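One structure is given below, encoded as structure tokens.
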Amino acid sequence: MILSPSLLSADCGKLAETLKALEAAGVEWVHWDVMDGHFVPNMTFGQHVIKGLRPASGLFFDVHLMIEQPERYLADFKDAGADMLVVHAESTVHLQRTLAEIRRLGMKSGVALNPSTPLSVLDYVLDDVDMVLIMSVNPGFGGQKFLPATFRKVSELRAKLNAAGRSDCLIQVDGGVNVDNTGELVRAGADVLVSGSAFFGFPPFNERLAAFNAAAEQK
Ligand code: DX5
Ligand code: ZN
């Protein structure tokens, strides 16, 4: 299991220090929640902030775009230093072209599904994705309650990916993830877990990472 802490729950006045502390604690990925006030009701940071912080960190930048028409900004996020760009299936009309363009620009491609979006939207884009993000809350805010239907959605997605010969495709789960649901999510087939409030609310980072890793190993 890869843990990708969401900076939405970090102190935005200290992002450079936080990125360095995450790396020192043994974290490998960091999750950037980009929101535009249209696709989701909230607003956060964008490509300029990410670009400014890129030199402060060697972490894998996992960028979750909760914005309308993300195809307008793919090159900007590449230029900002994103390693992976995740777009919502609900936010772009030409999903296949958007995913292909992310890869063409040299980033890993991801597609995110809101809780009510069926897995069937993936049927004709499975060859174009490196990761599928299953939202376990309705996006827009940190600290929301995990939706239990996620467990079944993740296991159905794992079966679908295996059947399509895409067992290499990562499954990420985002929203309300904590040490109590981590074990079941990993058993259902999740590879990457995003955590905001349940990670940043419980320092120190190295101990919190160890707690998530221990939970992931539970049989
Ligand atoms: C929700 C964001 C999540 C959020 C997770 O819209 O996409 O990444 O920050 O925060 P927690 O772990 O607190 O639910
Ligand atoms: Zn997110």
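Order of appearance sets the numbers: ligands from 1, and atoms from 1 within every ligand. The analysis underlying the following values was restricted to heavy atoms, covering all of them including side chains, and did not include hydrogens, waters or symmetry mates. Since this is a predicted model, take the numbers as computed values, not measurements.
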At a 4.0 Å threshold, what atoms of ligand 1 neighbour a non-hydrogen atom of P139?
-> 6 (O)

Note: ligand 1 atoms sitting under 4.0 Å from heavy atoms of M66 are 6 (O), 7 (O)

With no hydrogens and no angle check, do the side chains of S4 and D62 hold a donor and an acceptor under 3.5 Å apart?
-> yes

Taking distance alone, with no angle check, do G196 and ligand 1 share an N/O pair under 3.5 Å?
-> yes

For ligand 1, is there an N or O atom under 3.5 Å from any N or O atom of S9?
-> no

Considering only heavy atoms of G143, which atoms of ligand 1 have at least one such atom less than 4.0 Å away?
-> 11 (P), 13 (O), 14 (O)

Taking only heavy atoms of H64 into account, list the atoms of ligand 1 that are under 4.0 Å away from them.
-> 7 (O)

What heavy-atom pair brings K108 and I102 nearest, and what distance separates the two atoms?
-> O-CG2, 3.4 Å

Would you mind running through ligand 1 and noting each atom that sits below 4.0 Å from a heavy atom of M35?
-> 6 (O)

Answer yes or no: is there a donor N or O on one side and an acceptor on the other, between the side chain of D130 and the main chain of S109, under 3.5 Å?
-> yes

Going by the order shown, which atoms of ligand 1 are within less than 4.0 Å of some heavy atom of G140?
-> 1 (C), 6 (O)

Could you check atom 14 (O) of ligand 1 against the protein and tell me its nearest heavy-atom contact, residue, atom and distance included?
-> G176 N, 2.8 Å

Does R208 make a cation-pi contact with F202 (under 6.0 Å, within 45 degrees of the axis)?
-> yes

For N114, does its backbone N or O pair with a side-chain atom of E90 as donor and acceptor, under 3.5 Å?
-> yes

Look at atom 13 (O) of ligand 1 and say which protein heavy atom is nearest, naming residue and atom and giving the distance to 0.1 Å.
-> S197 OG, 2.6 Å

To the Zn ion (ligand 2), the closest N, O or S atom belonging to D174 is OD2

Looking only at protein heavy atoms, identify the closest one to atom 1 (C) of ligand 1 and say how far it is in Å.
-> F141 O, 3.6 Å

Is V137 in polar range of ligand 1, meaning some N or O pair under 3.5 Å apart?
-> no

Can an N or O of G142 be found at a distance shorter than 3.5 Å from an N or O of ligand 1?
-> no

salt_bridge(D83, K78) N-O dist < 4.0 Å = no

Output yes when the distance from some N or O of ligand 1 to some N or O of S195 is under 3.5 Å, and no in every other case.
-> no

A198 touching ligand 1 at heavy-atom level, < 4.0 angstrom = no

Which protein non-hydrogen atom lies closest to atom 2 (C) of ligand 1, naming both residue and atom, and how far is it?
-> D33 OD1, 3.4 Å

Which angle, to 10 degrees, forms at the Zn ion (ligand 2) with ND1 of H64 on one side and NE2 of H31 on the other?
-> 100°

Determine the interplanar angle of the F205 and F200 rings, folded into 0 to 90°, and report it as parallel if under 30°, tilted if 30 to 60°, perpendicular if over 60°.
-> perpendicular

Under 3.5 Å, side chain of S57 to main-chain N/O of R54, donor-acceptor pair present?
-> no

Nearest protein heavy atom with distance in Å, relative to atom 3 (C) of ligand 1 = D174 OD1, 2.9 Å

Proximal atoms of ligand 1 relative to H31 (non-hydrogen, under 4.0 Å) = 8 (O)

Is a side-chain donor-acceptor pair under 3.5 Å present for S6 with D33?
-> yes

Contact atoms of ligand 1, heavy-atom distance to G175 under 4.0 Å = 14 (O)

Decide, yes or no, whether a salt bridge links K160 with D123 under the criterion of side-chain N to carboxylate O below 4.0 Å.
-> yes

Ring centroid separation F77 to F61 under 6.0 Å = no

When you measure from the side chain of R97 to the backbone N and O of V93, does any donor-acceptor pair fall under 3.5 Å?
-> no

Test item: side-chain donor near acceptor, T92 and T98, under 3.5 Å | yes

Are any of the N/O atoms in N138 less than 3.5 Å from those in ligand 1?
-> no

In terms of heavy-atom contacts, does CD of E28 have more than 12 from other residues, nucleotides or ligands at under 6.0 Å?
-> no

Side chain, backbone, both or neither: the part of F199 lying under 4.0 Å from ligand 1 by heavy atom = neither

If you check every N/O/S atom of D33, which is the one nearest the Zn ion (ligand 2)?
-> OD1

